[in-house]
Amino acid sequence: MRSPTQGGHAGPPLLEYNPAPMSESESKPTPVTSIRELSRHIGQSVELRGWIDNKRSSGKIAFLQVRVTGGTVQAVAGRKDVSEKDWEDIERVTQESTVRVTGTVKEDKRAPSGVEIQCSGFEVLSLTQDYPITPKEHGTAFLMEHRHLWLRSSRQRSALRVRSEVEQAIRDFFYERDLTLIDSPILTPAACEGTSTLFETDYFGDKAYLSQSGQLYLEPAAAALGKVYCFGPTFRAEKSKTRRHLMEFWMVEPEVAFLEFAGLCDLAQEFVGYLVARVLDRSREELKILERDTSKLEAVVPPFPRITYTEAVKILNEKGNPIQWGDDFGGDEETILASQLDRPVMVTKFPASFKAFYMQPDPENPDVVLGLDLLAPEGYGEIIGGSQRIHDPDLLLRRIQQHNLPIEAFQWYLDVRKYGAFPHSGFGMGIERFVAWMTGLTHLRETIPYPRMLYKIYP
RNA sequence: UCCUCGGUAGCUCAACGGUAGAGCGUUCGGCUGUUAACCGAAAUGUUGGGGGUUCGAAUCCCUCCCGAGGAGCCA
């Protein structure tokens with residue numbers, strides 16, 4: 001069933017857009033659209049359309065790398081095997097031209113994918129001239145200016161396929177556990193957490209803001225549906241200029257009724273373990289192209305070590321870091337903590353002073369809150385942040401006042417406690433940071449098709 | 001917003017006070033199993049903009065623009 005050229009997983013059969021021809025047209029080549037289909041047509045005549053990734057030719061034989069769904073397939077054309085007109089097309093075809101190839105599918109060890117097409121016909125559908133991205137190296141500034149074309153390169157395709165696999169795995173994980181997907185709004189009337197800078201826009205004469213988190217909208221939905229999650233883009237107008245920040249990024253946030261802190265830590269751990277295993281299972285080919293050291297990911301198996309913030313400060317001081325109890329972690333502190341082990345580290349119970357207003361105080365020590373951060377190894381930093389939420393209406397009101405937030409804007413949020421209060425917890429995970437960790441990419445800009453970065457929004 | 005580094009051919013870079021260079025890409029020629037193919041030849045420049053120092057500036061100085069890396073903040 002599985003063939004090395006399928007490059008994929010043993011999932012359900014994929015939808016075929018081009019069914020095999022009826023017997024009366026057996027002599028005509030079968031149209032194929034993806035590399036996976038090829039292995040089912042060994043020895044048969046096929047036709048495929050795609051783009052020229054690269055071409056190598058001598059006077060009498062040409063090797064054309066044709067990009068189709070799922071990868072690149074080599075077409076081999078001998079001068080005598082095709083018509084004079086087709087050979088002229090092969091001679092003049094350029095990188096990224098669109099072509100139609102007909103020929104016989106053959107297994108051959110010399111072909112990069114193990115399977116190639118022995119050409120019997122070739123046609124240039126659209127001739128490309130002066131394609132900007134050549135097979136040699138380019139700087140990232142140039143590549144980002146041509147992001148719409150850079151997507152065609154194998155590393156970028158692989159990164160985006162890993163992203164797609166991660167997103168599918170997220171949906172599967174929550175679907176299997178009976179969480180309902182709640183799409184939270186992107187246009188919002190006020191700041192969710194009152195901390196980070198928001199993008200402002202005009203809403204028929206009023207101000208509106210692009211959402212920085214769906215969490216507050218998720219909590220009322222948890223009262224309606226019990227276990228819920230949202231998954232969508234979020235926006236931060238912080239003028240952050242680092243490899244770990246984007247202005248627009250995707251976040252997945254579960255919120256579960258009657259889930260308390262210990263259960264939340266278990267959920268976050270199980271979630272990350274599931275996603276890593278899934279990527280290792282189904283994205284091997286992509287990780288190979290990206291030259292990811294998968295042994296690092298194979299070590300990521302729950303349970304993950306858990307330490308409290310107070311213990312973390314102690315460890316940091318022992319390592320010579322001057323952090324004091326009450327200070328938030330910066331990049332240096334995260335890196336020291338996360339590089340202790342080959343698994344993610346869960347840091348819990350932070351001082352209330354630098355955490356969000358809605359976090360539940362620890363009943364054993366009201367100076368700290370029941371929040372958790374999950375720090376990924378290899379310097380990928382915080383990938384998950386979550387907490388148990390305050391469910392006592394009076395305490396929540398006090399916290400809103402202490403943080404100088406406008407109470408009017410939070411009336412609906414307070415209603416969640418007024419009408420049937422319930423303990424609940426949730427976390428948020430940034431997709432790009434997770435995908436960067438999986439792929440081994442050092443910069444978030446390559447983990448999203450069209451990154452939005454400080455002062456840069458083209459293309 | 002702050003700090004550091006950079007901007008030379010379509011791309012990646014060299015030349016660092018004295019005639020502007022290479023590789024890749026492009027064009028032309030050669031090659032029947034290439035793997036970023038290879039071999040030979042050719043074309044390609046207001047050295048980011050403006051101002052200054054100098055007999056002479058890609059090179060030194062000022063300024064603006066653009067980019068890269070980092071900090072803070074965070075996911």
Item to check | Integer-rounded Å distance: B:A75 P and A:Tyr229 OH | outcome: 21 Å

Item to check | Side chain A:Thr134 and base B:C24 donor-acceptor under 3.5 Å | outcome: no

Going by atom type alone, with no hydrogens or angles, which donor-acceptor pairs under 3.5 Å involve a side-chain atom of residues 259-275 of chain A and a protein atom two or more places apart or on another chain?
unit_1: A:Asp266; atom_1: OD1; unit_2: A:Arg306; atom_2: NH1; d: 3.4
unit_1: A:Asp266; atom_1: OD1; unit_2: A:Arg306; atom_2: NH2; d: 2.7
unit_1: A:Gln269; atom_1: OE1; unit_2: A:Phe304; atom_2: N; d: 3.0
unit_1: A:Gln269; atom_1: OE1; unit_2: A:Arg306; atom_2: NH2; d: 3.3
unit_1: A:Glu270; atom_1: OE2; unit_2: A:Arg177; atom_2: NE; d: 3.3
unit_1: A:Glu270; atom_1: OE2; unit_2: A:Arg177; atom_2: NH2; d: 2.8
unit_1: A:Tyr274; atom_1: OH; unit_2: A:Glu176; atom_2: OE2; d: 3.2
unit_1: A:Tyr274; atom_1: OH; unit_2: A:Arg278; atom_2: NH1; d: 3.4

Next on the checklist: For the residue pair A:Gln74 / A:Glu116, report whether a side-chain donor-acceptor contact shorter than 3.5 Å exists.
Outcome noted: yes

Next on the checklist: Under 4.0 Å, counting only non-hydrogen atoms across every strand here, what does A:Thr94 touch: a base, just sugar-phosphate, or nothing?
Outcome noted: nothing

Checklist entry - Using atom P of each nucleotide, how far apart are B:C61 and B:G17 to the nearest Å? => result 12 Å

Next on the checklist: side-chain contact (heavy atoms from CB on, under 4.5 Å) for A:Met144 and A:Met453? Distances and angles first, verdict last.
Outcome noted: CA-CA 11 Å; A:Met144 286 308 310; A:Met453 295 183 293; 4.0 Å; yes

Checklist entry - Any N or O donor-acceptor pair linking the side chain of A:His245 to the base of B:C74 at under 3.5 Å? => result yes

Item to check | Among B:G33, B:C74, B:U32, the one nearest A:Ser58 by side-chain distance | outcome: B:U32

Checklist entry - Aromatic ring centroids of A:Trp250 and A:Phe434 under 6.0 Å? => result no

Next on the checklist: Categorize A:Lys456 for me: base, sugar-phosphate, or nothing, with a 4.0 angstrom heavy-atom threshold over every strand shown.
Outcome noted: sugar-phosphate

Checklist outcome for this item: note: A:Gln74, atom CD; B:U34, atom P; distance rounded to Å ~ 10 Å

Checklist entry - Looking for any heavy atom pair under 4.0 Å, which part of the strands does A:Arg92 touch: base, sugar-phosphate only, or nothing? => result nothing

Next on the checklist: Could you tell me how far B:G45 sits from B:U34 if I compare only their C1' atoms? Round to whole Å.
Outcome noted: 35 Å

Checklist entry - How far does the C1' atom of B:G52 sit from the matching atom of B:U59, given to the nearest Å? => result 15 Å

Checklist entry - Within this structure, what is the CG-to-C1' distance between A:Asp81 and B:G33, rounded to whole angstrom? => result 13 Å

Checklist entry - Given B:G69, B:G33, B:A71, which nucleotide is nearest the side-chain atoms of A:Thr242? => result B:A71

Next on the checklist: Measuring from the side chain of A:Lys239 (C-beta onward, heavy atoms only), which nucleotide among B:C31, B:A68, B:U1 has the closest atom?
Outcome noted: B:U1

Checklist entry - So, do A:His138 and A:Ile133 sit near enough that their side-chain heavy atoms are less than 4.5 Å apart? => result yes

Checklist entry - Which listed nucleotide (B:C11, B:A71, B:G33) is nearest to the side chain of A:Phe142? => result B:C11

Next on the checklist: Given B:G67, B:U34, B:U32, identify the nucleotide with an atom nearest to the side chain of A:Arg110.
Outcome noted: B:U34

Checklist entry - Quick one: stems for RNA chain B, with Watson-Crick or G-U pairs under 3.5 Å, at least three in a row? => result B:1-7 with B:65-71, B:10-13 with B:21-24, B:26-30 with B:38-42, B:48-52 with B:60-64

Next on the checklist: For a quick check of understanding: with a heavy-atom distance under 4.0 Å over all strands, which category does A:Gly59 fall into, base, sugar-phosphate or nothing?
Outcome noted: base

Checklist entry - If you measure from the P atom in B:A43 to the same atom in B:A22, how many Å do you get, rounded? => result 11 Å

Next on the checklist: Heavy atoms from C-beta onward define the side chain here; which of B:U12, B:G72, B:G33 lies closest to that of A:Phe63?
Outcome noted: B:G33

Checklist entry - With nearest nucleotides of RNA chain B determined for A:Pro112 and A:Tyr131 from heavy-atom distances, which residue corresponds to the more 5′ nucleotide? => result A:Tyr131

Next on the checklist: Please check: side-chain N/O of A:Ser211 versus main-chain N/O of A:Ser213, any donor-acceptor pairing under 3.5 Å?
Outcome noted: yes

Item to check | N/O (side chain, A:Tyr455) to phosphate O (OP1/OP2, B:U1) under 4.0 Å | outcome: yes

Next on the checklist: Categorize A:Leu444 for me: base, sugar-phosphate, or nothing, with a 4.0 angstrom heavy-atom threshold over every strand shown.
Outcome noted: base

Next on the checklist: What contact category does A:Gln95 fall into here, base, sugar-phosphate, or nothing, at under 4.0 angstrom with non-hydrogen atoms?
Outcome noted: nothing

Checklist entry - Where is the tightest heavy-atom contact between A:Ala257 and A:His424, given as atom of each residue plus distance? => result CA-CB, 3.9 Å

Checklist entry - Rounding to the closest angstrom, what is the interatomic distance between B:U12 and B:C62 at atom C1'? => result 30 Å

Item to check | P gap between B:G10 and B:C65, integer Å | outcome: 25 Å

Next on the checklist: Using a 4.0 Å heavy-atom cut-off, does A:Glu116 contact any base of the nucleic acid, only the sugar-phosphate backbone, or nothing at all?
Outcome noted: base

Next on the checklist: With rounding to the closest Å, how many angstrom separate the C1' atoms on B:A42 and B:C24?
Outcome noted: 16 Å

Next on the checklist: For a quick check of understanding: with a heavy-atom distance under 4.0 Å over all strands, which category does A:Arg244 fall into, base, sugar-phosphate or nothing?
Outcome noted: base

Item to check | Salt bridge present between A:Glu255 and A:Lys227 (N-O < 4.0 angstrom) | outcome: no

Checklist entry - Starting at CZ of A:Phe329 and ending at C1' of B:A71, how long is that distance when rounded to a whole Å? => result 19 Å

Next on the checklist: Can you check the distance between B:C5 and B:G18, where both ends of the measurement are the P atom (answer in whole Å)?
Outcome noted: 23 Å

Item to check | Cation-pi, A:Tyr309 ring and A:Lys349 (6.0 angstrom, 45 degrees) | outcome: no

Checklist entry - If you check the A:Glu238 side chain, which of B:U32, B:C73, B:G69 turns out closest? => result B:C73

Next on the checklist: Considering every strand and a 4.0 Å limit on heavy-atom distances, what is the contact class for A:Pro132: base, sugar-phosphate, or nothing?
Outcome noted: nothing

Item to check | Pi stacking test for A:Phe249 and B:A75: under 5.5 Å apart, planes under 30° | outcome: yes

Next on the checklist: Rounding to an integer number of Å, can you tell me how far A:Glu291 CD sits from B:A36 P?
Outcome noted: 12 Å

Checklist entry - Starting at NE2 of A:His146 and ending at C1' of B:G25, how long is that distance when rounded to a whole Å? => result 13 Å

Checklist entry - Checking side chain to side chain donor-acceptor pair (under 3.5 Å) against A:Tyr358, which of A:His391, A:Arg399, A:Arg389, A:Gln215 comes through? => result A:Gln215

Item to check | Side-chain touch A:Met247/A:Phe235, heavy atoms, less than 4.5 angstrom | outcome: no

Checklist entry - Within the structure shown, what part of the strands sits under 4.0 Å from A:Asn54 by heavy-atom distance: base, sugar-phosphate, or nothing? => result sugar-phosphate

Next on the checklist: Looking only at the aromatic ring of each residue, does the gap between the centers of A:Phe329 and A:Phe354 stay below 6.0 angstrom?
Outcome noted: no

Checklist outcome for this item: From CG of A:Leu454 across to P of B:G72 the rounded distance in Å is 16 Å

Item to check | Interface with RNA chain B, restricted to residues 377-389 of chain A and to heavy atoms under 4.0 Å | outcome: A:Glu382, A:Ile383, A:Ile384

Checklist entry - For RNA chain B, whose closest nucleotide is more 5', that of A:Arg56 or that of A:Met429? => result A:Arg56

Checklist entry - A:Leu198 has an atom CG; how far is it from atom P of B:C74, in whole Å? => result 14 Å

Checklist entry - Per the atom types in the model, does the base of B:U32 pair as donor or acceptor with the side chain of A:Lys80 at under 3.5 Å? => result yes

Checklist entry - So, does the side chain of A:Glu145 form a donor-acceptor pair with the base of B:G67 at under 3.5 Å? => result no

Checklist entry - Any side-chain donor paired with an acceptor under 3.5 Å for A:Asn321 and A:Glu333? => result yes

